[in-house]
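Reading through the structure tokens given below for one structure.
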Amino acid sequence: MGLETLVDTPPYLIDNPNLQGGFAPVDQELVVHEFEVIGEIPSDFSGMYVRNGPVPQHTPKGKYHWYDGDGMLHAVHFQQGRMSYRNRWVNTDGLQADRAAGESLAPGLKQKLPEGALPDHALKNTSNTDVKYHNGKLLSMWYRGGAVYQVDPLSLETVGKLEPDPRLKGLQISAHSRVDERTGEYMFFAYGNLHPYMHYGVVNASGQLQTLIPVELPGPRLPHDMAITANYSILHDFPLINNPEALKAGRYSLEFHPEWNSRFAVIPRHGSVDQIRWFEADPRYMLHVANAWEEVNDQGETEIVMLGTPYAMPKQFDGSLDVKRLLFTIGTQGTEYEFYQWRFNLSTGQTRESVVDDILNTEFPMINGWYQGYKNRYTYHVLMGRARTVEQPHFAGLAKYDLETGSAVTYHPGEGYWFSEAPFAPRDNPQAEDDGYLVGFVWNGLQERSEVWIIDAQKLANGPVARVILPQRVPHGFHSTWVREALLPQA
């Protein structure tokens, strides 16, 4: 294929920490079946772990930011105690244009945009952020919102876009969509800088768009995630906005408004515009939801419970937040998160909110996928360590919360390791919600190599039962998914 390596690196990139160590790009697409294994790969689970992340294929221009890289999927398939690994770039329109030109064309987050252009149009949809499994395909998505790319789960070949219905064309679908494993439905939201600023939709298990409605916001916002329950979807309107006057001038300027409440739209899964109900809460900002479900309280009223990891607000909040950090970084110096709960009462219209945990600093929450939208007991998070540079996070370990007992267990192997988000993989014929494994990539900075770690979810503190050494680095990335073997197509 003649993929470009970052040889002849321009001077302005030589000291860029986003292109060094575990962040450094790779230039090969591999298929590997034989590995060195420390421990033993369990034979009582099977399926596929897939993680997305940024890997620039061409030499970046300007001040490269970690978020700018082209989306690359890394997939690990487990079956009867054996494992295979495959990686492949998501073949986006932007990457095809770069390949045709032989160079990187689009500006990055830190570069000046063309006159009058907005990020919605000027930045390349790299599809580097999240990945879900739906209707026999992997769905690769971008945090800024845009076309969703469909990928064959076995070959990782990009096979098209999620645009079977013309109503989806042009919508900026967010990376953080949700799949209900029990119904096979795919819920999503789209957002942008033009009225009505948000849409909500549902694609059924067979790939048909069943629901699409506008969700009118007061102005352009920067939502990141959503939640689902068995019967409802919850969309977010936090008081972090794109300044309207700056947008008119072709610039992008964020403002946090502490005088505004956070708002949450609760919508029946296949609801209409007139069924949207808005709930208000304290002003905050959050990237990632852990889960949500419906629950009957002591008064016999139905409440929607939503858990997530918002930015921790200062104890003496003075009305300010570092919005630059909110936009450009995750878990960098000074950034702390809380595990938090909102309860939306469908009878009274009131919101109750509270801190679940403000001791551990955790992000990237995951659950057993079968419980997505249904009450769960356990959540699994990345343990955020002290950042090593101003704009680089340190994913130092893993944490497991028991929501029933209010307890937490962590695992941190010490200096030199960098974790990926680790989804839950159930054992064959599981006997409990946490009967299975956490599977994820780990950068071993002590030996400068990437590994796959398999950890017994019921014994997190014991560390990995198996470490699989990979022949190529897996550059640090973002979100992942676990696909049960029964759902995968047969080769």
Using a distance-only test with no angle check, is there a side-chain donor-acceptor pair under 3.5 angstrom linking [X] and [Y]?
| X | Y | answer |
| --- | --- | --- |
| H65 | N18 | no |
| H134 | Q150 | no |
| H381 | E363 | no |
| R144 | Q172 | no |
| N345 | Q350 | no |
| E294 | T302 | no |

Can any side-chain N or O of [X] pair as donor or acceptor with the backbone N or O of [Y] at less than 3.5 Å?
| X | Y | result |
| --- | --- | --- |
| D180 | G184 | no |
| D98 | L105 | yes |
| E421 | S480 | yes |
| R473 | P25 | yes |
| R88 | M72 | no |
| S127 | S140 | yes |
| D237 | L217 | no |
| R352 | Q341 | no |
| D225 | V289 | yes |

Please determine if K132 forms a cation-pi arrangement with Y186, meaning its NZ or CZ atom is less than 6.0 Å from the six-membered ring centre and no more than 45° off the ring axis.
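K132 over Y186 ring: no.
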
With heavy-atom distances below 4.5 Å as the criterion, would you say the side chains of [X] and [Y] are in contact?
| X | Y | answer |
| --- | --- | --- |
| V305 | N291 | no |
| V266 | I304 | yes |
| N444 | Y417 | yes |
| R51 | L73 | no |
| L403 | N376 | yes |
| Y232 | W293 | no |

*Sort out for me which residue in T126, T129, N125 forms a side-chain hydrogen bond (donor to acceptor under 3.5 Å, both in side chains) with W142.*
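Running side-chain hydrogen bond (donor to acceptor under 3.5 Å, both in side chains) over T126, T129, N125 with W142 returns exactly one hit, T126.
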
Not counting sequence neighbours, which residues clear salt bridge (Lys or Arg N to Asp or Glu O under 4.0 Å) with [X]? List them please.
| X | result |
| --- | --- |
| E280 | none |
| R377 | D402, E404 |
| R277 | none |
| D70 | K124 |

Ring centres of [X] and [Y] under 6.0 Å apart?
| X | Y | value |
| --- | --- | --- |
| W370 | F424 | no |
| W342 | Y340 | yes |
| Y191 | Y197 | no |

Please name all residues satisfying ring-ring contact (aromatic ring centres under 6.0 Å, His included) with [X], sequence neighbours left out, ordered by chain then number.
| X | answer |
| --- | --- |
| Y374 | none |
| H199 | none |
| F238 | H236, F264, Y285 |
| H412 | none |

side-chain contact (heavy atoms from CB on, under 4.5 Å) with [X]: which residues, sequence neighbours excluded?
| X | answer |
| --- | --- |
| Q210 | E185, N204, H270 |
| T158 | V90, N91, Y149, V151 |
| D357 | F339, I359, L360, Y401 |
| A425 | F45, V439, W482 |

**Message:** Can you classify the ring geometry of Y337 versus Y311 as parallel (below 30°), tilted (30 to 60°) or perpendicular (above 60°)?
**Reply:**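 Geometry flag for Y311 against Y337: tilted rings.
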
**Among F23, F364, F419, ring-ring contact (aromatic ring centres under 6.0 Å, His included) partner for F395** =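 Going through F23, F364, F419 one by one, the ring-ring contact (aromatic ring centres under 6.0 Å, His included) with F395 is satisfied by F364 alone.
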
Interatomic distance, [X] atom [atom1] to [Y] atom [atom2] [nearest 0.5 angstrom]:
| X | Y | atom1 | atom2 | result |
| --- | --- | --- | --- | --- |
| E255 | L222 | CD | CG | 13.0 Å |
| H176 | H224 | NE2 | NE2 | 3.0 Å |
| N368 | T379 | CG | OG1 | 12.0 Å |
| T481 | Y133 | OG1 | OH | 10.5 Å |
| I267 | S272 | CD1 | OG | 10.0 Å |
| T59 | L19 | OG1 | CG | 9.0 Å |

Salt-bridge test for [X] and [Y]: reply yes if a basic N is under 4.0 Å from a carboxylate O, no otherwise.
| X | Y | result |
| --- | --- | --- |
| E433 | K375 | no |
| K61 | E103 | yes |
| D165 | R167 | yes |
| R343 | E353 | no |

Which of these, N87, N52, L156, V50, sits in a side chain to side chain contact (heavy atoms under 4.5 Å, CB included) with H74?
->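 Of the listed options, the one satisfying the test is N87.
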
Would Y378 and Y371 count as a ring-ring contact (aromatic ring centres under 6.0 Å, His included) if you check the C-alpha gap in whole Å, the side-chain angles of each, and the deciding distance to 0.1 Å? CA-CA 10 Å; Y378 304 102; Y371 291 83; 9.1 Å; no

### ring-ring contact (aromatic ring centres under 6.0 Å, His included) between F189 and Y200, intermediate numbers included
CA-CA 4 Å; F189 73 98; Y200 161 73; 9.1 Å; no

request  = Begin from the C-alpha positions of L307 and V356 and carry the test side-chain contact (heavy atoms from CB on, under 4.5 Å) through to its verdict.
outcome  = CA-CA 9 Å; L307 297 174; V356 176; 4.0 Å; yes

Notebook entry, point to check: Is atom CG of D298 surrounded by more than 12 heavy atoms (other residues, nucleotides or ligands) closer than 6.0 Å?
Noted result: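 Counting other residues, nucleotides and ligands, CG of D298 stays at 12 neighbours or fewer.
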
